[in-house]
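A, B, ... follow the sequence lines: proteins, then strands. Residue 1 opens every chain.
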Amino acid sequence: MTQAEIKLCSLLLQEHFGEIVEKIGTHLIKTGSQPLRVIANDTGMSLDQVKKALCVLIQHNLVTYQLQKRGFVEYEASCSRVLRILRYPRYIYTAKTLYSDMGELIVEELLLNGKMTMSAVVRKVANRLTETMEDGKTMDYGEVSNTFVRLADTHFIQRCPMAPETTETSDAPPPPVPTLAVNEKDMYVVPNLNLIGKGKRRRSFDDEDDGEHKAKRQKQDADSKEPPPDDGIYWQANIDRFHQHFRDQAIVSAVANRMDQIFRSLPAGYNIVKQILDQYLTLLADDPLEFVGKSGDSGGGMYVINLHKALATLATATQESIVQERFGSRCARIFRLLLRKKHLEQKQVEDFAMIPAKEAKDMLYKMLSENFVSLQEIPKTPDHAPSRTFYLYTVNTLSSARMLLHWCYKSVANLIERRQYETKENKRLLEKSQRVEAILASMQATGAEEVQLQEIEEMITAPERQQLENLKRNVNKIDASENQVDETIFVLESYIESTVKKL
Amino acid sequence: MAGRGGRGRGRSQMTFNVEAVGIGKGDSLPPSTLQPSPLFPPMEYKPVPLQTGEEVEYMLALKQELRGAMKNLPYYVKPAAPKKDVERYSDKYQMSGPIDNAIDWNPGMHGNILQSNPCSPFSSEFYSGKTTLEKKEEEVTSEEEGEKEEEEEGKEEEEEEYDEEEHEEETDYIMSYFDNGEEFGADSDDNMDEAIY
């Protein structure tokens, strides 16, 4: 793990789980797998604290455990999974676009809690939706269950690995660690639950039949003490499936940008006349972008999407735009030239780019010093004499993608630090404004006069209000930047992953 | 060795012919760097403004909500509340903030009763002089208990190794039975007429 990744992971853990979990999580990421006692020793924390932190981390799928051959259990943290915390809002928003509010809340609950049973999710989501509905209306469990099933069918949520069923008659002592395994076939199978019920609103002061409600609530609480019918079957959000979806979205929008007019004229739905379809497919296949390729003629023509090429193109486009924004459009021209021609000498760069020698030299060196561009030596003679060697400039997309990814991690870490700093600087003011709001709310509830409310509001002076406005604006900006950098991280990571994966 | 003082005097010696890379004779090199680059270097080109739009706004709101929500979930392990100057007798019966590493969430609750009951001499709690109570507001109680029960029921399989030293977060004692000691003095003032043996 690079330093930048570790720093970012530790910031994310601290923001979402507190310092104790952060310490232990960071330690595990830095040192790899370790047994419990070693963690406690190295971090200097009590065994109890370590256990609780590990509980939280395992619950959220950030740490796994394994029984080693010598008989002790080792814990291992997954740095990349911790980095995904940055992407949670994107997952939730995607669920919202695909499955509306119900889907959004289901995925949100699963991400917030790590692992949950289906009945727990349905109950919670129904309650939350009921809160937002008008008085007197409640959300039925059935609808929520349906959305849950649809999410499982499209693989956006999946079952967690389960402990094997323990047989009563086994003589061997139970293993120190349950070996969790999930059957591939069952991963998306929804248990056959008969969830009947409606969402509950939280107790409000205006309940008329209080007595009846109390009795009902007690009965329902008693019910919830029994184990739910699907006890032991836990669900988690399937991050990889969301990534697949993002990747598809990115490719589709890239192609759409390319072929604006054609796309606009295409009829919605799939009823395209065969000839027009043929034309478009040929157009796509012949496009220099090479996203779509023709792999044969059987069946009228076999077309295939070249995913690797598509991802590489997206990553390259990102790099081009970074060069353009950092160094200017002339540098970008040189960069694009190098991408097309692969290797060029100094002189050739000047000629092809039509940029005067001095400037071209300057720009090349700037990019070289920032590692966007590298030099390749090609000796003419076996003794590698410098005067008889070609020096060619080239762009290595994979290595510059890695470098940019590293930059991105650093940027997000810096953004988070700055945001925390801003919030800490204004902590006193924030607390004061929260107190004032609380007072206002309680006074309004008890029906105070307009004059009194105004008095309370004036407790915050105008310059303080301005300060608060500034703070809010800055924090919003920083948060939005974090989200945007995460999009770049996704594109670069997908590209790098596609080059590394071996089947 | 002989070549060191020979050719190219007045310029740093390189192992390759610098002309090939483009540094001609007589060109001045940029000044060498003597210190680390400044923290906030001046930028030649202003950065592109952030994306805007409904999607972006919604995700921003989601992000901030998530952050706030996670702080209130039982998974957020709060560090110990700072101790007061002197440990007082009434502390035992008062509800204070989160005790060192206490979290509301208890996976795998069928722990050893002997060790987890704070009043039994087998548990370490017996000797610490504190009870593990948390401050719970009314509205939050039902939610938290609901969550706790779900996690409790569900985590038995996976958390077998944690059972032994988990503490029961709730005691069997009803808090209202215990005074915090402040009224003790007041009562005795009223009964000064009675003889005290």
Side-chain angles (χ1 to χ4, degrees), chain A residues 15-21 46-49 51-53 55-56 58-60 73 88-90 92-93 108 112-117 120 162-163 174 176-178 180 202-203 224-225 227-228 231-232 234 325-328 346 357 361 364 375 386-387 389 391 476-477 479-484, chain B residues 14-23 30 43-45 47-48 50-52 55-64 66-67 69-71 73-79 100-103 105 107 138-139 142-143 145-147 149-151 153-162 165-167:
Chain A
E15 270 211 323
H16 292 97
F17 297 110
E19 291 201 0
I20 296 177
V21 175
S46 77
L47 215 55
D48 204 33
Q49 282 175 320
K51 283 185 187 177
K52 290 215 156 99
C55 275
V56 171
I58 292 178
Q59 169 75 4
H60 281 85
V73 180
Y88 281 6
R90 200 169 171 194
I92 300 175
Y93 183 72
E108 189 179 328
L112 279 179
N113 289 292
K115 304 183 175 59
M116 276 177 102
T117 57
M162 307 194 306
V177 164
L180 304 176
R202 239 186 276 171
R203 222 172 9 151
S224 68
K225 288 219 179 2
D231 188 32
Y234 289 91
E325 296 304 324
R326 279 233 156 203
F327 302 115
Q346 167 84 37
K361 198 182 11 160
L364 276 170
L375 269 177
S387 54
T389 317
Y391 290 95
N476 280 354
K477 227 188 213 178
D479 268 329
S481 317
E482 288 172 36
N483 280 344
Q484 213 169 311
Chain B
M14 302 256 180
T15 51
F16 59 96
N17 184 4
V18 290
E19 280 184 4
V21 207
I23 308 176
M43 293 177 64
E44 277 176 40
Y45 299 92
V48 180
L50 289 173
Q51 290 171 345
T52 49
E55 200 178 304
V56 176
E57 304 278 337
Y58 195 82
M59 282 213 270
L60 177 63
L62 266 178
K63 188 179 165 89
Q64 292 177 334
L66 270 177
R67 239 200 334 261
M70 289 209 95
K71 285 214 158 67
L73 280 180
Y75 308 110
Y76 194 95
V77 183
K78 303 185 178 79
D100 186 34
N101 75 62
I103 54 174
W105 171 56
E138 268 194 31
E139 297 124 34
S142 52
E143 256 195 358
E145 282 189 346
E147 266 177 21
E149 275 155 13
E150 280 150 19
E151 312 302 356
E153 287 156 5
K155 296 307 286 178
E156 283 128 350
E157 295 146 4
E158 294 183 24
E159 315 299 348
E160 283 167 4
E161 66 263 39
Y162 300 127
E165 294 184 55
E166 281 297 339
H167 301 305

**Student:** Got a sec: does the NZ of B:K71 have more than 12 other heavy atoms crowding it under 6.0 Å?
**Tutor:** yes
**Student:** Could you pull out all residues at least two apart from A:E482 that satisfy salt bridge (Lys or Arg N to Asp or Glu O under 4.0 Å)?
**Tutor:**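 Expected list: A:R419, B:K63.
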**Student:** What part of A:D479 is in contact with chain B, defined as an atom under 4.5 angstrom from a non-hydrogen atom: side chain, backbone, both or neither?
**Tutor:** both
**Student:** Against chain B, work out which of A:A480, A:A357, A:G114, A:G328 has the most heavy-atom pairs shorter than 4.5 Å and name it.
**Tutor:** A:G328
**Student:** Report the residues that fulfil ring pair (Phe, Tyr, Trp, His ring centres under 6.0 Å) with B:Y58, sequence neighbours left out, ordered by chain and then residue number.
**Tutor:**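 Ring pair (Phe, Tyr, Trp, His ring centres under 6.0 Å) check on B:Y58 returns A:Y93.
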**Student:** Below 4.5 Å from any heavy atom of chain B, which atoms of A:E19 appear? Answer side chain, backbone, both or neither.
**Tutor:**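 When you check distances to chain B, only backbone atoms of A:E19 fall under 4.5 Å.
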**Student:** Just verifying a value: how many Å separate B:L62 CG and A:R90 CZ, rounded to the nearest 0.5 Å?
**Tutor:** 13.0 Å
**Student:** Quick check for you: to the nearest 0.5 Å, what is the distance between A:H16 atom NE2 and B:L73 atom CG?
**Tutor:**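 Nearest 0.5 Å value for the NE2-CG distance: 10.5 Å.
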**Student:** What do the steps show when you test A:L112 against B:Y75 for side chain to side chain contact (heavy atoms under 4.5 Å, CB included), and what is the final call?
**Tutor:** CA-CA 9 Å; A:L112 279 179; B:Y75 308 110; over 6 Å; no
**Student:** Hey, which of B:M59, B:M43, B:E57 has the most heavy atom pairs under 4.5 Å with chain A?
**Tutor:**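 Answer, by heavy-atom pair count under 4.5 Å with chain A: B:M59.
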**Student:** Side chain, backbone, both or neither: which part of B:E55 has a non-hydrogen atom closer than 4.5 Å to chain A?
**Tutor:**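 Backbone plus side chain of B:E55, per the 4.5 Å heavy-atom cut-off to chain A.
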**Student:** Please report the interatomic distance CD(B:Q51) to CD(A:Q484), rounded to the nearest 0.5 Å.
**Tutor:**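 With rounding to 0.5 Å, CD (B:Q51) is 4.0 Å from CD (A:Q484).
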**Student:** Taking it one step at a time, do A:F17 and B:M70 satisfy side chain to side chain contact (heavy atoms under 4.5 Å, CB included)?
**Tutor:** CA-CA 7 Å; A:F17 297 110; B:M70 289 209 95; 3.8 Å; yes
**Student:** Do you know which two heavy atoms are closest between A:K477 and B:L50, and how far apart they sit?
**Tutor:**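 Closest heavy-atom pair between A:K477 and B:L50: O-CD1, 3.6 Å.
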**Student:** Once rounded to the nearest 0.5 Å, what's the spacing between atom CZ of A:R326 and atom CD of B:E44?
**Tutor:**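 Separation between the atoms: 10.5 Å.
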**Student:** Side chain to side chain contact (heavy atoms under 4.5 Å, CB included) between A:N476 and B:Q64: does it pass, once the steps are laid out?
**Tutor:** CA-CA 9 Å; A:N476 280 354; B:Q64 292 177 334; 2.8 Å; yes
